Amino acid sequence: MKASELFYPTLREVPSEAEIISHQLLLRAGFIRRTTAGVYSYLPLGYRVIRKIMQIVREEMDRAGGQEVLMPIIQPKELWEKSGRWEVYGDEMFRLIDRHNRGFSLAPTHEELITTLVDADVHSYRDLPLLIYQMQNKYRDEVRPRFGLMRGREFIMKDLYSFDIDENGLDISYHKMYDAYKRIYERLNLKFRVVEADSGAIGGNESHEFMVLADNGESEIAYCENCNYAANVEKAETILLEQDKEDLLELTKIHTPGERTIQDIVDNFNIPAFKQIKTLMYMADEEVVAVILRGDRELNEIKLKNFLACQDLYMADENTVRANCGASFGSLGPVGLNLKVYADTEVTAMYNFACGANVDDYHYINVNVGRDFVPEKILDLRNVVKGDICPECGELLDIIRGIEVGHIFKLGTKYSESMEATFLDASGQAKPFVMGCYGIGISRTMAAAIEQNYDENGIIWPLPIAPYQVIIVPVNVKNAELLKAALSLYEELNQAGIEAIIDDRDERAGVKFKDADLIGIPIRITLGPKSWQEKQVEMKKRWEKDVEFINRDEVLAKVKAIIY
RNA sequence: CGGGGCGUGGCGCAGUUUGGUAGCGCGUCUGAUUUGGGAUCAGAAGGUCGCAAGUUCGAAUCCUGUCGCCCCGACCA
């Protein structure tokens with residue numbers, strides 16, 4: 001491709017809408033343009049990257065036995081009513097109405113449709129297993145789209161759905177996908193980690209997320225260097241260390257006027273946070289419940305929600321709190337509380353701690369579990385932190401950040417049951433398909449690749465997904481001999497199947513270098529007047545600082561050596 | 001949905017408090033001089049100031065409404 005003909009409008013300044021690096025660079029380098037909130041056009045360079053990612057994903061899906069299909073994005077309301085998700089999805093789902101006043105969704109995912117589709121034509125266990133996938137736009141009316149491609153309202157996803165006879169079959173399909181996903185991220189040349197995940201609203205039990213590691217990733221990953229344990233902090237567990245027992249002191253109520261936070265009590269009563277208890281009030285559907293944690297811990301709402309198996313979970317407002325406890329936020333505690341109290345496991349290892357007294361401006365000290373109150377249930381409810389104990393091996397956990405680019409679930413029969421999708425097994429019995437679902441955010445992967453690979457000059461594309469592999473820069477196109485030499489080199493690379501750009505624009509060298517760095521082409525070949533007299537060119541790898549002078553005739557071989 | 005902010009040429013912004021000929025930098029076009037890390041000089045094009053309805057002799061500026069966008073939070077692949 002000739003740069004003079006390529007549509008890649010680069011920007012010198014950072015558009016004000018872009019907050020994170022991938023968004024800024026994608027805009028500046030002319031890869032994408034915003035159409036409306038959370039919706040983007042992919043320009044030629046951006047779309048090339050998308051296609052490369054798709055191609056790698058496609059090859060690995062096919063290798064694992066997947067079959068690609070294309071399904072509608074516009075889907076009838078009835079489909080979603082059948083599974084119950086017309087309600088469940090709420091405002092997250094784009095909805096539209098046709099001229100006959102019929103309701104439709106812009107599909108956020110395709111479980112309903114694929115299940116219906118397979119059910120219509122697959123009737124026998126002999127036709128299973130079946131692995132069907134699609135790559136296309138999906139829609140989610142995010143409350144707040146942000147971070148460019150990272151959290152769009154329209155995004156490109158690959159989703160594969162597996163249909164099996166039973167749990168054993170699902171295990172096999174699941175592990176095929178697990179392996180395929182690892183291959184994909186290895187081939188994309190991204191640093192990633194596979195983590196145990198909460199399966200969330202989609203349902204099912206086993207679930208893994210594939211995280212591209214990046215310092216400003218949205219997800220936190222707890223991992224163990226020692227044993228490979230890795231889990232999303234939403235899911236990560238830890239082990240309770242045995243504590244020395246203490247003699248139980250007498251429960252005492254103290255006056256704490258104006259003290260509302262854990263930190264207040266730390267500051268003014270010299271009671272460390274780990275000797276206090278934090279009491280949180282939640283509305284679980286219609287029921288008010290209390291949750292207690294060590295004072296310096298954070299509640300993991302997902303763990304709580306999963307345990308309570310409720311539809312809605314949110315923090316109770318002040319009126320509710322006062323009505324149920326007789327005091328406001330700063331003075332809550334489990335003692336004498338007439339509500340179900342769910343206690344984090346760690347609380348059982350605490351003695352003589354402080355907490356609110358359910359009377360404004362009063363706290364208890366020397367509170368003890370069992371003697372002063374009895375929790376409804378003791379369970380793991382907190383977020384793990386750096387330094388917690390690995391649940392697998394007992395070493396210490398660390399926390400790193402990542403971007404979720406892939407997620408695999410075992411769905412079981414959740415959708416096949418609600419959609420009444422069955423096959424006949426060997427004994428002639430109708431059975432629901434046992435399903436799995438396996439997603440990769442294609443457009444998000446593009447953004448994640450940048451978050452992991454950039455410098456102050458721009459993007460540094462991993463070779464497998466770079467829009468072009470080589471950029472040839474004749475320093476001065478008015479120098480006819482130089483331009484001719486550059487063009488001949490360009491032809492040679494093209495013939496050899498190397499994807500190259502030649503920057504034949506009549507621009508100053510500095511401009512060309514800046515643009516080449518910005519768009520992140522991995523290999524730059526520069527032809528300058530001086531070295532060309534020796535028939536030499538300059539080769540620079542985008543991810544390295546120094547340049548190498550090589551003979552013109554070596555270029556193809558050297559480039560191939562880097563690429564393959 | 002709660003809180004905060006912004007809509008002025010392609011991009012980044014000033015001008016709005018106190019109404020009076022719409023500005024700056026970058027980019028774009030023309031010419032000259034330049035030519036290895038976003039050149040210099042000279043000239044030029046390009047804006048219904050988000051939209052609508054008001055107040056006024058006069059509105060980017062004041063009032064009302066409306067749309068869009070951004071940030072923080074709750075939510076999420």
Side-chain angles (χ1 to χ4, degrees), chain A residues 9-20 23-24 27-28 30 33-39 88-93 107-110 138-159 197-202 207-212 217-219 232 234 301-302 305 312-315 317 402-409 437-445 447-448 456-458 473-479 482 503 505-518 524 526-532 537-538 540 545 547 549:
Chain A
T10 57
L11 302 175
R12 191 178 293 209
E13 294 180 71
V14 182
S16 61
E17 70 191 57
E19 202 191 359
I20 61 167
H23 192 194
Q24 293 173 355
L27 287 168
R28 281 193 59 211
R33 285 292 182 264
R34 189 178 66 89
T35 297
T36 185
V39 178
V88 173
Y89 248 106
D91 295 334
E92 292 279 287
M93 189 151 70
T109 174
H110 280 67
K138 307 227 169 176
Y139 296 83
R140 200 170 280 240
D141 194 359
E142 285 287 344
V143 188
R144 187 149 92 82
R146 57 183 140 175
F147 304 144
L149 296 187
M150 210 62 97
R151 180 171 297 280
R153 296 198 293 172
E154 176 180 83
F155 50 96
I156 305 172
M157 284 284 286
K158 184 283 303 179
D159 268 314
D198 181 81
S199 41
I202 301 185
S207 174
H208 288 89
E209 286 170 342
F210 291 73
M211 299 280 199
V212 166
E218 283 191 277
S219 304
N232 193 314
E234 292 174 357
E301 287 191 14
I302 292 167
K305 189 171 179 183
D312 281 313
L313 182 73
Y314 54 94
M315 291 194 85
D317 60 30
I403 299 162
E404 181 188 344
V405 288
H407 201 160
I408 60 179
F409 293 93
C437 118
Y438 317 86
I440 286 182
I442 302 286
S443 39
R444 181 183 270 193
T445 296
E456 66 281 5
N457 291 316
V473 182
V475 152
N476 180 354
V477 296
K478 294 225 174 86
N479 180 330
L482 210 56
D503 197 343
R505 296 175 303 168
D506 184 11
E507 290 285 355
R508 299 168 64 87
V511 172
K512 297 187 185 188
F513 293 149
K514 285 290 183 191
D515 273 345
D517 285 350
L518 181 59
R524 191 181 80 201
T526 306
L527 284 82
K530 271 199 202 130
S531 51
W532 185 248
V537 303
E538 174 188 316
K540 181 176 180 302
K545 199 157 180 62
V547 300
F549 284 91

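Just so it is clear, the model here is predicted, and its values are computed rather than measured. Numbered from 1 within each chain, the chains take letters A, B, ... in sequence-line order.
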**OP:** Report yes if a side-chain nitrogen or oxygen of A:S16 is closer than 4.0 Å to either non-bridging phosphate oxygen (OP1 or OP2) of B:rC70; otherwise report no.
**Re:** no

Original post:
Would you say A:T36 reaches B:rC69's phosphate, i.e. side-chain N/O to OP1/OP2 under 4.0 Å?
Top reply: yes

If you check every side-chain atom of [X], which of [options] has the closest atom?
X: A:E17; options: B:rC71, B:rC70, B:rG36; value: B:rC70
X: A:E142; options: B:rG37, B:rG36, B:rC75; value: B:rC75
X: A:K540; options: B:rG36, B:rG12, B:rG37; value: B:rG37
X: A:R153; options: B:rG36, B:rC26, B:rC69; value: B:rC69
X: A:A37; options: B:rG36, B:rC69, B:rG38; value: B:rC69
X: A:R140; options: B:rG36, B:rC76, B:rG37; value: B:rC76
X: A:V511; options: B:rG37, B:rG38, B:rU35; value: B:rG38

Subject >> Atom C1', compared across B:rU18 and B:rC76: separation rounded to whole Å >> reply: 48 Å

Subject >> Pairwise P distance, B:rU35 and B:rA44 [rounded to whole Å] >> reply: 27 Å

So, does the side chain of [X] form a donor-acceptor pair with the base of [N] at under 3.5 Å?
X: A:E507; N: B:rG38; value: no
X: A:D515; N: B:rG38; value: yes
X: A:R146; N: B:rC70; value: no
X: A:E13; N: B:rG27; value: no
X: A:R28; N: B:rG38; value: yes
X: A:N476; N: B:rG36; value: no

Subject >> Heavy-atom check, side chain of A:I408 versus side chain of A:F210, under 4.5 Å >> reply: yes

Original post:
Heavy-atom distance under 4.5 Å between the side chains of A:K512 and A:V477, does that happen here?
Top reply: yes

Original post:
Is a side-chain donor-acceptor pair under 3.5 Å present for A:R524 with A:T526?
Top reply: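 There is such a pair (donor and acceptor under 3.5 Å, judged by atom type) between the side chains of A:T526 and A:R524.
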
Original post:
Can you name the closest pair of heavy atoms from A:R140 and A:P108 and give their distance?
Top reply: NH2-O, 4.0 Å

Original post:
A:N479 and A:P529: which non-hydrogen atoms are nearest, and at how many Å?
Top reply: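 A:N479 and A:P529 have their closest heavy atoms at ND2-CB, 4.2 Å.
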
**OP:** To the nearest Å, give me how far apart CZ (A:R508) and P (B:rG27) are.
**Re:**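 My rounded result for the distance is 12 Å.
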
Subject >> Between B:rC71 (P) and A:H23 (NE2): distance, integer Å >> reply: 8 Å

Under 4.0 Å, heavy atoms only, any strand: does [X] hit a base, just the sugar-phosphate, or nothing?
X: A:G458; result: nothing
X: A:V14; result: sugar-phosphate
X: A:R34; result: sugar-phosphate
X: A:L518; result: base
X: A:K478; result: base

Subject >> Note: A:E218-A:R151 ion pair, threshold 4.0 Å (strictly below) >> reply: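 Looking at A:E218 and A:R151, the cut-off is met.
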
**OP:** Compare the aromatic ring of A:F155 with the six-membered base ring of B:rA77 and state whether they stack according to the 5.5 Å and 30° rule.
**Re:** yes

